[in-house]
K.L.:
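Submitted below is the structure of interest, expressed as structure tokens.
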Amino acid sequence: MPDTLTITDNRTAKAYDLPIQADTIRSADLARIKAGDDPVGLGTYDPALVNTAACRSKITYIDGDKGILRYRGYPIEQLAEQSSFMEVAWLLLEGELPTDAQLDSFKTAIHDNRVPPARIERIFDGLAEDPHPMGALIAAFGALGTFYPEAHNVGSAEVRRRQIHRIVAQAPALAAYAARRRRGESVVPPAEGLSFAGNFLYMLKATPGTRYTPHPVLERALDILFVLHADHEQNCSTFAMRSVGSSLADPYASVAAATAALYGPLHGGANEAVLRMLHTVGSLDKVPAFITSVKNGEGRLMGFGHRVYKSYDPRARIVKQIAEEVFEVTGRNPLLEIAQELERIALQDDYFVKRRLYPNVDFYSGLIYEAMGIPVDMFTVLFAIPRTVGWLAQWEEMLRDPETKITRPRQVYEGAAVREYVAMAARA
Ligand code: ACO
């Protein structure tokens, strides 16, 4: 059976054979199909790119029907249970699990780059009195690039690697600085001898001048959450990263753009929205009425549904387990019962069943963050910190791909045809 698609253009009665590769045809091949004096040929119309592959990638695999997520071929369940965020970061960036020596040298690179330039703290003084940490983080990533002008040289693998280490290493400090400045507190710079997740908790929570040791269970829980959030193939923010990066902008600018994309409540902002929703529902007896209001189109059940997963998001399953372990240390978050009841009712309700809406990674993660005493407006920031790894892995892959060109989609123009300019005095 030939791997081709035959298309007959009924306007011209001409037939075209297009090669099929990996279940896709090349949209550019459609441009051969022309009728009349059409100069550009046939294209596809795909708002939101729901059925268009915009790149080839070897990083993350998702099967949304079966609820499968793998980084570089390794199941997310095994990585969450057996590896660490630093190991996963190397895996995503370099393609293979690290050896002992590779992991050591990667950790050293992250450690050595973990302190942001001192002047960057002043960025936060130029923002609003109590800026949302995501807005502050977008500004901070953009500003960080000004300290490393060599970053413009995106053609050098060596230069790229240095920037990757800097961005991944400094993201926790910038995030913690953003949180502290919102609370009107002075920043706490990174410490020695703490893990990646532990250091973030330290910078977020420590009182300057006092000892702070993160609880090992909470530190490990946060590390696993970082593993789960490290990459998720071609989502909105990763597409922003690739799209901005395709103009050969430096990676700080591209990461700022990706962070901005993540901020929205339909993407990374959902974990914050879930918590606010659970507070609004308030008690178990209000759950049925809330579900009815969602079904009536008065709002969405935040933390439910996914463009790709049409079954249980495998990350949500792991997050639910971690929640139990965290609550043993922190005490049960009273909102958990409301979340569980929302899930129980939704999973039996025709509206959600028919649309194949299941909890996504954000449904339970906010409950853990809240139990850890992390402010709600920091939740999306906690997503951004590990996702810098995925963004940068995808950026590196894009720049190495000989097929990469600047992103520039077509449009279907529906505006006015050519018109003569009308002088002001003659306008109605
Ligand atoms: N609550 C209620 N109804 C929903 C929900 C929801 N959470 N999600 C989708 N639907 C309904 C839509 O109203 C639509 O119904 P219709 O066919 O009657 O019009 C149908 O399901 C399909 O929804 P779409 O918006 O077309 O699905 P899409 O793939 O574009 O959206 C998205 C996916 C944005 C994640 C959506 O499910 C949503 O808004 N969820 C809530 C926000 C959220 O949790 N986002 C986090 C996603 S995971 C992440 O980014 C980390």
K.L.:
Counting N and O atoms only, with roles assigned by atom type, does the side chain of Tyr71 sit under 3.5 Å from a partner on the main chain of Val227, one being a donor and the other an acceptor?
P.N.:
yes
K.L.:
Is Glu81 atom CD crowded by more than 12 heavy atoms from other residues, nucleotides or ligands, each under 6.0 Å away?
P.N.:
no
K.L.:
Are the side chains of Leu278 and Leu342 in touch, meaning some heavy atoms are under 4.5 Å apart?
P.N.:
yes
K.L.:
I'd like to know whether CG of Asp23 has more than 12 heavy-atom contacts from other residues, nucleotides or ligands below 6.0 angstrom.
P.N.:
no
K.L.:
Is Tyr413 atom OH crowded by more than 12 heavy atoms from other residues, nucleotides or ligands, each under 6.0 Å away?
P.N.:
yes
K.L.:
Using the salt bridge (charged side-chain N to carboxylate O under 4.0 Å, His left out) rule, collect all pairs that involve residues 334-347, keeping only residues at least two apart or in two chains.
P.N.:
Lys320-Glu343, Glu341-Arg344
K.L.:
Report all side-chain donor-acceptor pairs from residues 421-428 shorter than 3.5 Å, counting only partners two or more places apart or in another chain.
P.N.:
| unit_1 | atom_1 | unit_2 | atom_2 | d |
| --- | --- | --- | --- | --- |
| Tyr421 | OH | Arg427 | NH2 | 3.0 |
| Arg427 | NE | Val422 | O | 3.0 |
| Arg427 | NH2 | Val422 | O | 3.1 |

K.L.:
Going by atom types only, do Asn296 and Ser293 share a side-chain donor-acceptor pair under 3.5 Å?
P.N.:
no
K.L.:
So which heavy atom on Tyr263 is nearest to which on Gly135, and how close?
P.N.:
CE1-N, 3.9 Å
K.L.:
Count the heavy atoms of every other residue, nucleotide or ligand shown that sit under 6.0 Å from CD of Gln21, and state whether that count exceeds 12.
P.N.:
no
K.L.:
Roughly how far apart are Asp17 CG and Thr6 OG1, rounded to 0.5 Å?
P.N.:
4.0 Å
K.L.:
Look only at the side chain of Arg72 and the backbone of Leu91, and say whether a donor-acceptor pair between them is shorter than 3.5 Å.
P.N.:
yes
K.L.:
Is any side-chain heavy atom of Val88 closer than 4.5 Å to a side-chain heavy atom of Phe226?
P.N.:
no
K.L.:
Relative to Tyr148, does Arg162 satisfy both conditions: NZ or CZ under 6.0 angstrom from the six-membered ring centre, and within 45 degrees of the ring's axis?
P.N.:
no
K.L.:
Write down the atom of Arg419, the atom of Ala416, and the distance for their closest heavy-atom approach.
P.N.:
NE-CB, 3.5 Å
K.L.:
Taking atom CD as the centre, does Glu298 end up with more than 12 heavy-atom neighbours from other residues, nucleotides or ligands that are less than 6.0 angstrom away?
P.N.:
yes
K.L.:
Taking the six-membered ring of Tyr358 as reference, does the NZ or CZ atom of Arg356 fall below 6.0 Å from its centre and within a 45° cone about the axis?
P.N.:
no
K.L.:
Do Ser83 and Tyr74 have side chains that get closer than 4.5 Å, going by heavy atoms?
P.N.:
no
K.L.:
Would Arg160 and Gln163 count as having a side-chain donor-acceptor pair, cut-off 3.5 Å?
P.N.:
no
K.L.:
Mind listing the side-chain donor-acceptor pairs of residues 371-392 below 3.5 Å, one per line with the distance, residues two or more places apart or on another chain?
P.N.:
| unit_1 | atom_1 | unit_2 | atom_2 | d |
| --- | --- | --- | --- | --- |
| Asp377 | OD2 | Arg182 | NH1 | 2.2 |
| Thr380 | OG1 | Gly268 | O | 3.2 |
| Thr380 | OG1 | Asn271 | OD1 | 3.3 |
| Arg387 | NE | His229 | O | 2.7 |
| Arg387 | NH2 | His229 | O | 3.3 |
| Thr388 | OG1 | Ile385 | O | 2.7 |
| Trp391 | NE1 | Ser237 | OG | 3.1 |

K.L.:
Before accepting this row, confirm whether a basic side-chain N of the pair Arg315/Glu77 lies closer than 4.0 Å to the acidic partner's carboxylate O.
P.N.:
no
K.L.:
If only atom types and distance count, is the side chain of Ser311 paired as donor or acceptor with the main-chain N or O of Asp65 below 3.5 Å?
P.N.:
yes
K.L.:
Report yes or no: does Lys310 contribute a side-chain atom to a donor-acceptor pair with the main-chain N or O of His306 at less than 3.5 Å?
P.N.:
yes
K.L.:
Is it the case that the side chain of Gln170 and the backbone of Asn113 share a donor-acceptor pair, with hydrogens and angles ignored and the cut-off at 3.5 Å?
P.N.:
yes
K.L.:
Using distance alone, with no hydrogens and no angle criterion, decide if Ser195 and Glu219 have a side-chain donor and acceptor under 3.5 Å apart.
P.N.:
yes
K.L.:
A side-chain contact here means heavy atoms from C-beta on lying under 4.5 Å apart; do Glu94 and Arg161 qualify?
P.N.:
yes
K.L.:
Determine whether more than 12 heavy atoms belonging to other residues, nucleotides or ligands lie under 6.0 Å from atom CD of Glu96.
P.N.:
no
K.L.:
Between Pro314 and Ile76, which heavy-atom pair has the shortest distance, and what is it?
P.N.:
CB-CG2, 4.2 Å
K.L.:
Please round to the nearest 0.5 Å and tell me the distance separating atom CG of Leu218 and atom OH of Tyr369.
P.N.:
12.5 Å
K.L.:
Between Met398 and Cys55, is any pair of side-chain heavy atoms under 4.5 Å apart?
P.N.:
no
K.L.:
State the CG-CD1 distance between Leu228 and Ile318, to the nearest 0.5 angstrom.
P.N.:
5.0 Å
K.L.:
Do other residues, nucleotides or ligands put more than 12 heavy atoms under 6.0 Å from the CZ atom of Arg11?
P.N.:
yes
K.L.:
Is there a donor-acceptor pair closer than 3.5 Å between any side-chain N or O of Asn235 and the backbone N or O of Glu233?
P.N.:
yes
K.L.:
Taking atom CG of Leu18 and atom CZ of Arg26, what is their separation to the nearest 0.5 Å?
P.N.:
12.0 Å
K.L.:
Under a 4.5 Å cut-off applied to non-hydrogen side-chain atoms, are Phe85 and Leu225 in contact?
P.N.:
no
K.L.:
Do Tyr16 and Asp9 make a side-chain contact, defined as non-hydrogen atoms from C-beta onward lying under 4.5 Å apart?
P.N.:
yes
K.L.:
Can we say Asp223 and Arg220 salt-bridge, meaning some charged N sits less than 4.0 Å from an Asp/Glu carboxylate O?
P.N.:
yes
K.L.:
Quick check: does any side chain N or O of Ser243 sit under 3.5 Å from a backbone N or O of Thr407, one acting as donor and the other as acceptor?
P.N.:
no
K.L.:
Any non-hydrogen side-chain atom of Leu301 less than 4.5 Å from a side-chain atom of Leu357?
P.N.:
no
K.L.:
How many angstroms lie between CD in Glu396 and CD1 in Ile164, if you round to the nearest 0.5 Å?
P.N.:
4.5 Å
K.L.:
Only one of Asn153, Leu399, Ile406 clears side-chain contact (heavy atoms from CB on, under 4.5 Å) with Leu248; which?
P.N.:
Leu399
K.L.:
Quick check: closest heavy atoms across Phe327 and Leu367, and the distance to 0.1 Å?
P.N.:
CE2-O, 3.8 Å
K.L.:
Taking 4.0 angstrom as the limit, do Glu397 and Arg242 come out as a salt bridge?
P.N.:
yes
K.L.:
Determine yes or no for a side-chain-to-main-chain donor-acceptor pair under 3.5 angstrom, with Asp46 supplying the side chain and Asn51 the backbone.
P.N.:
yes
